[in-house]
Amino acid sequence: MPSTTFDFAPLLRPNLPLAAVKYAGFPPFNFVGGHSDAATTPVDGLIAATASVLKREGATLATYGLNSGPLGYIGLRQFLSKKLYRQAGITCTTDEILITSGSNQGLDLINQVLVAPGDTILMEQASYGGAISRFTRHGAKLVGVALDKEGLRPDALEAAISDLKEKGIRPKYVYTIPTVQNPTGSIMGPQRRADILAIATNHGIPIVEDECYSDLLWTPERPKAMRAMTGLGNVIFVGSFSKSIAPALRVGYVVANWSILACMLGCKTDAGTGALEQMVLAEFCEKHFDTHVRTLNNVLKRKLDVLVESLGEHFGTAAEFEVPKGGIFLWVKLPDTVDTQKLAQAALRAGIAFNPGPEWTIDKQWGRSRLRICFANPTQEALRKGVAGLAEVCHKEMGVPARIANVARG
Ligand SMILES: Cc1ncc(COP(=O)(O)O)c(C=O)c1O
């Protein structure tokens, strides 16, 4: 037997994405990613739901697709059809819902069906890093559209479409996160949604609305989804249980007309999204979704308050932000002198991780002094200590913040 291990390097296909680094545990102050609050995970409810659904329907695990067909477990699609009508105003049958392995798989399937290499996607100039990287990997060209306090700006969208038209380019779709935008936390009001929808409709461009944060709101009402505002089927709705229940379950969904879902099913090669997760979610959510989300939102809001207080205490006016009315992120602007990618490396050496702005923006220069903090998973104490530590590192490396409460830092 040869003593050296087999070398795959010469066999790897060209243009592979970057290889993963080995997992070495989370840093002590982990403000990256979209993790949820651990203490609020409804463990007992999920255990009870697992037992009851398995006793009743466990034998259907013997078939691919649980006797429900390739769109996903019928009980979960029935729950979603009612929930989406009640909370987002969407009228859809269970045949217009596809359960996916996280909403990320939904985004991948949409791209597989619609986007060829070289095609253009319009999106918010700051957007979900996972969308930016997967759209780019898919060969799409991304055009960032300016934002304001309500998210995507209609005038900037119209201008971007005209600009592309002059170059003979018809974008494949507009990707937007209307309710609790990632990373800015903005919420698009009803009139803004109508304006964006009208522009896209006039130009014959479909919209993909990614609403994975729309349950995490501390305002009384969630504006209607854009999919609910059009009878044309030109809006594809993407949702997830990652933020409302638990990201590790890997259950998301796409709501679209059957004609487009049928094409997506043709590309879905996993022989079905995890069955047990779908059954347990349906059983749990039918009875407990609203109460669970209410509890979770109270916890998240308190954590955001702590984060805002800590930033005020340690960064003073050097940290600028809009306080969001929901979600799990705070999008922070530091003075122009701060390069958040360099800061992220120095912070990591001190056990503090955050997402530097350029990973979350189309124009990397615009994102240079911005950063995203996820406040859902760290404890309140970790938020306080982590922000204090970040201010120390930032002061040492970048001279920011220079003063706190009018006292120069030594
Ligand atoms: C805007 C947005 N869309 C989609 C996802 C993917 O979520 P999942 O695949 O866990 O449903 C995330 C995760 O953070 C997100 O922020």
Side-chain angles (χ1 to χ4, degrees), residues 30-37 41 72 76 80 83-84 88 97-112 121-138 142 144-145 147 151-152 173-188 207-217 222 225-227 235-255 264 268 270 273-274 277-278 281 285 293 296 300 324 326-331 353-355 357 359-362 372-377:
N30 188 31
F31 304 150
V32 300
H35 309 292
S36 193
D37 178 68
T41 309
L76 190 58
L80 282 170
K83 170 194 183 306
L84 289 167
I97 302 173
L98 167 65
I99 306 293
T100 53
S101 304
S103 52
N104 269 330
Q105 187 187 41
L107 296 177
D108 285 336
L109 292 172
I110 290 167
N111 286 335
Q112 282 182 53
I121 298 174
L122 289 158
M123 60 199 293
E124 285 127 1
Q125 68 177 353
S127 186
Y128 168 44
I132 296 175
S133 58
R134 65 188 356 96
F135 295 175
T136 308
R137 203 181 306 161
H138 203 78
L142 309 182
V145 178
L147 299 164
L152 205 59
Y173 64 85
V174 177
Y175 171 75
T176 179
I177 310 167
T179 314
V180 196
Q181 208 265 346
N182 180 2
T184 64
S186 64
I187 298 174
M188 220 186 249
I207 294 178
V208 173
E209 72 177 327
D210 184 343
E211 288 286 60
C212 74
Y213 297 100
S214 59
D215 295 307
L216 306 185
L217 282 180
R222 173 218 195 288
M226 281 191 266
R227 178 152 179 100
V235 177
I236 300 177
F237 181 100
V238 180
S240 179
F241 288 95
S242 287
K243 314 303 167 177
S244 51
I245 308 289
L249 291 174
R250 308 309 305 131
V251 180
Y253 48 96
V254 176
V255 183
M264 290 170 67
K268 194 170 185 289
D270 59 5
T273 292
E277 292 86 338
Q278 296 185 65
L281 272 173
C285 292
V293 165
L296 176 61
L300 294 177
I328 57 177
F329 306 116
L330 191 68
W331 180 236
F354 64 83
N355 293 112
E359 291 172 10
W360 252 250
T361 50
I362 310 297
R372 191 191 75 155
I373 296 174
C374 175
F375 55 82
N377 189 250

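Just so it is clear, the model here is predicted, and its values are computed rather than measured. Sequential numbering from 1 along the given sequence is applied to the chain's residues. Every number for a ligand or one of its atoms is a count from 1 in the order of the listing.
- Residue pairs that meet the salt bridge (Lys or Arg N to Asp or Glu O under 4.0 Å) test with at least one member in residues 127-136, sequence neighbours left out, are D108-R134.
- Side-chain atoms of K268 and T273 form a donor-acceptor pair, as typed in the model, at a separation below 3.5 Å.
- Checked against side chain to side chain donor-acceptor pair (under 3.5 Å), D37 has the following partners two or more places apart in sequence or in another chain: T40, K303.
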Which is it for T361 and Q125 under the side-chain hydrogen bond (donor to acceptor under 3.5 Å, both in side chains) test, yes or no, and what are the steps along the way?
CA-CA 6 Å; T361 50; Q125 68 177 353; over 6 Å; no
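- Contact between L296 and S244 at its shortest, heavy atoms only, is CD2-O, 3.6 Å.
- Taking T179 as the reference, R193, E211 meet the side chain to side chain donor-acceptor pair (under 3.5 Å) condition, with sequence neighbours excluded.
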For a distance cut-off of 3.5 Å, show me each N or O of ligand 1 paired with any protein N or O, plus the separation.
unit_1, atom_1, unit_2, atom_2, d
ligand 1, 3 (N), D210, OD1, 3.4
ligand 1, 3 (N), D210, OD2, 2.6
ligand 1, 7 (O), S103, OG, 3.2
ligand 1, 9 (O), S103, N, 3.1
ligand 1, 9 (O), N104, N, 3.0
ligand 1, 9 (O), N104, ND2, 3.4
ligand 1, 9 (O), R250, NH2, 2.9
ligand 1, 10 (O), S242, OG, 2.6
ligand 1, 10 (O), R250, NH1, 2.7
ligand 1, 11 (O), S103, N, 2.7
ligand 1, 11 (O), S103, OG, 2.7
ligand 1, 11 (O), S240, OG, 2.6
ligand 1, 11 (O), S242, OG, 3.2
ligand 1, 14 (O), Y213, OH, 3.2
ligand 1, 14 (O), K243, NZ, 2.8
ligand 1, 16 (O), N182, ND2, 2.8
ligand 1, 16 (O), Y213, OH, 2.5

